[in-house]
Amino acid sequence: TGGMITLDPGYKNTGSCESAITFLDGEKGILRYRGYSIEELAEKADFLEVAYLLIFGELPNKEQLSKFHNDIREESHVDEEMKKILDGFPKSAHPMGVLSSLTSALVAFNPSSVDVSSESEMYKSIVRILAKFPVLVAWAMRKKKGLPLDYGDDTLGYVENIHKMMFKRPNKEYNKNKIAIDALDKLLILHADHEQNCSTSTVRIVGSSHAGLFASLSAGISALWGPLHGGANQAVLEMLEAIEADGGDTKKYMAKAKDKSDPFRLMGFGHRVYKNFDPRAKIIKKSADEVLGDLGIEDPILEIAKGLEKEALEDQYFVDRKLYPNVDFYSGIIYRALGIPTEMFTVMFALGRLPGWIAQWREMRLNGEPIGRPRQVYIGENHRPFVAVDLR
Ligand code: SDX
């Protein structure tokens, strides 16, 4: 019904699952979190509300939201010893690798967050990681910039606090830029969940062994890192910068993308599920225009992106394969305008996806799902006798 797929009864052991969290219709370009359209949530909600909705299934009232935020604030301290782990990484380390390691290391400082089954223990782990992960994200960025590692400010809103932790300069007043904070909040909402994508499936299958929430999230971060998945937002910017350096020759890159002998793909295009416009890409494209306009930024990269999109949408190869811009195509242009380094783009994706991963892990654990154990079609050798090495 409504475009839902029917699953083979044996699906329980294949990594596919039933879920009540996010609905996608790839043909119609529909995305809903717990039944609410992504367009309405991006316009009317804030990221913490959406995190609550994804995890607990309902939009919170004022009291619920305030308690949720205060419970998170209670957990915003990250053990100082964690800085020693961060110090062990070279400045050149990719922040996705750093964050996957730090997220896993958090278990050592929060032993009760190894797997939990009661809802109250689960809640504790959930508010803990929602509090500490943004601190780790800010530390990873500040380490790259050679800035002192700081803690947040509990008087601020959730995303406002993230922005301050990332951008506060030593010995300077924090410049609370509402345009930037609102843009960041919207981007985090748009990345918050996307049903059983590669990294979410990873979180669910690692969690199904009862390895615990933090270990499952650490695995999800690694899966998201790949350039075919969340790493695409960094690859898109690098591609657009290469086109700009190449005199803006978009036709050359379109030809490369269609050349079967060339491994190059148009990053930020195509999707396993969407065979229509990714609804998130539409919202982000509109937001990119607004944010750059409000911040008074003229970015030639945005014009190159729009030119490339126009060409691809009119190109028969792309039309035949239903290749449209996806969530990653325009997001990096906004991150760049907000002063976020390109290497941090996929980390911002992970920050947005955190509540979705948590919601999916919680659903899987509360459903008492069995350990994920995909099967295979064996296509190897038939049974054969051993041959001694001197006879081979
Ligand atoms: C995300 O799953 C999710 O929900 C993911 C995500 C989320 O929110 O979690 O939405 C986030 O990961 C978005 C996708 C970001 N990745 C990229 O932008 C990387 C570039 N895109 C492609 O690598 C590709 O489109 C994928 C990986 C996204 C989807 O790959 P599929 O579904 O396996 O498609 P395919 O490789 O089978 O391609 C089908 C055809 C092929 O040509 P033919 O063999 O039919 O001739 O389309 C071609 C492909 O060569 N093709 C592309 C292309 N994507 C597919 N050709 C050029 N450029 C591209 N980007």
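Not measured: the values here are computed from a predicted model. Atoms within a ligand are numbered from 1 in the order they appear, just like the ligands themselves.
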task: Classify the angle between the aromatic ring planes of Phe269 and Phe329 as parallel (below 30°), tilted (30 to 60°) or perpendicular (above 60°).
output: perpendicular
Out of curiosity, is Val273 lining ligand 1, as in a heavy atom under 4.0 Å away?
no
In terms of heavy-atom contacts, does CD of Glu238 have more than 12 from other residues, nucleotides or ligands at under 6.0 Å? yes
Ligand 1 atoms nearer than 4.0 angstrom to some heavy atom of Arg353 are 7 (C), 8 (O), 9 (O)
inquiry  = For the residue pair Asp153 / Tyr174, report whether a side-chain donor-acceptor contact shorter than 3.5 Å exists.
reply    = no
Is the closest side-chain heavy-atom distance between Ile126 and Arg362 below 4.5 Å?
-> yes
Check: Heavy atoms of the protein only: does one fall short of 4.0 Å from atom 51 (N) of ligand 1?
Finding: yes
With side chains defined as the heavy atoms from C-beta onward, is the minimum distance between Asn177 and Leu338 less than 4.5 Å? no
Do we get Arg321 above Tyr317's six-membered ring, with its NZ or CZ under 6.0 Å from the centre and within 45° of the axis? yes
If you scan protein heavy atoms around atom 45 (O) of ligand 1, the nearest is Arg321 NE, 3.6 Å
Is there a donor-acceptor contact under 3.5 Å linking the side chains of Gln360 and Thr200? no
Is Asp278 in polar range of ligand 1, meaning some N or O pair under 3.5 Å apart?
-> no
Would you confirm whether any non-hydrogen atom of the protein falls under 4.0 Å from atom 37 (O) of ligand 1? no
When distances are taken from atom 27 (C) of ligand 1, the protein heavy atom at minimum range is Leu228 O, 4.0 Å
Counting from 1 in the order shown, the ligand 1 atoms closer than 4.0 Å to a non-hydrogen atom of Arg280 are 7 (C), 8 (O), 10 (O)
> N/O to N/O below 3.5 Å, does that happen between Asp328 and ligand 1?
Replying inline: no
The closest protein heavy-atom partner of atom 57 (C) of ligand 1 is Ala257 O, 3.6 Å
Does even one non-hydrogen atom of His191 get within less than 4.0 Å of ligand 1?
no
_So for atom CG, which belongs to Leu391, do other residues, nucleotides or ligands contribute more than 12 heavy atoms lying within a distance under 6.0 Å?_
yes
Among non-hydrogen protein atoms, atom 28 (C) of ligand 1 lies closest to Gly270 O, 3.7 Å
closest protein heavy atom to atom 21 (N) of ligand 1 is Phe269 O, 2.9 Å
Honestly, for Tyr317 the part within reach of ligand 1 (heavy atoms, under 4.0 Å) is side chain
Q. With side chains defined as the heavy atoms from C-beta onward, is the minimum distance between Met348 and Leu184 less than 4.5 Å?
A. yes
The protein heavy atom nearest to atom 12 (O) of ligand 1 is His229 ND1, 2.9 Å
Numbered in order shown, the ligand 1 atoms found under 4.0 Å of a heavy atom of Lys260 are 42 (O), 43 (P), 44 (O), 46 (O), 50 (O)
Item to complete: May I ask whether atom 14 (C) of ligand 1 is less than 4.0 Å from at least one protein heavy atom?
Response: yes
Closest to atom 49 (C) of ligand 1 (heavy atoms only, candidates Arg265, Lys256, Arg272) is Arg265
Indicate yes or no: does an N/O atom of Met267 lie under 3.5 Å from an N/O atom of ligand 1?
-> no
The answer for which part of His271 has a heavy atom under 4.0 Å from ligand 1 is both
Check your understanding: Is the shortest heavy-atom distance from the side chain of Glu363 to the side chain of Arg204 under 4.5 Å?
Key -> yes
Per-atom filter on ligand 1: closer than 4.0 angstrom to a heavy atom of Asn197 are 2 (O), 3 (C), 4 (O), 5 (C), 9 (O)
Check: Leu323 N/O within less than 3.5 Å of ligand 1 N/O: no
Checking Tyr274, Phe23, Tyr33, Phe349 against His194 for ring pair (Phe, Tyr, Trp, His ring centres under 6.0 Å), the one that qualifies is Tyr274
In terms of heavy-atom contacts, does CG of Asp390 have more than 12 from other residues, nucleotides or ligands at under 6.0 Å? yes
Worksheet item: Taking distance alone, with no angle check, do Phe318 and ligand 1 share an N/O pair under 3.5 Å?
Response: no
- Message: For a 4.5 angstrom cut-off between non-hydrogen side-chain atoms, does Ile358 reach Ser125?
- Response: no
When distances are taken from atom 4 (O) of ligand 1, the protein heavy atom at minimum range is His194 ND1, 2.6 Å
Checklist line | Lys275 N/O to ligand 1 N/O under 3.5 Å | finding: no
A student checking ligand 1 against Ala232 at a 4.0 Å heavy-atom cut-off should list atoms 15 (C), 16 (N), 17 (C), 18 (O)
Practice item. Please tell me if the side chains of Leu237 and Ile333 come closer than 4.5 Å, counting only heavy atoms from C-beta onward. Key: yes
Worksheet item: Using 30° and 60° as the class limits, which term best fits the ring planes of Phe68 and Tyr123: parallel, tilted or perpendicular?
Response: tilted
protein heavy-atom neighbour closest to atom 58 (N) of ligand 1 works out as Leu266 N, 3.1 Å
Per-atom filter on ligand 1: closer than 4.0 angstrom to a heavy atom of Gly268 are 17 (C), 18 (O)
Between Lys132 and Glu75, does at least one N-O distance fall below 4.0 Å, as a salt bridge requires?
yes
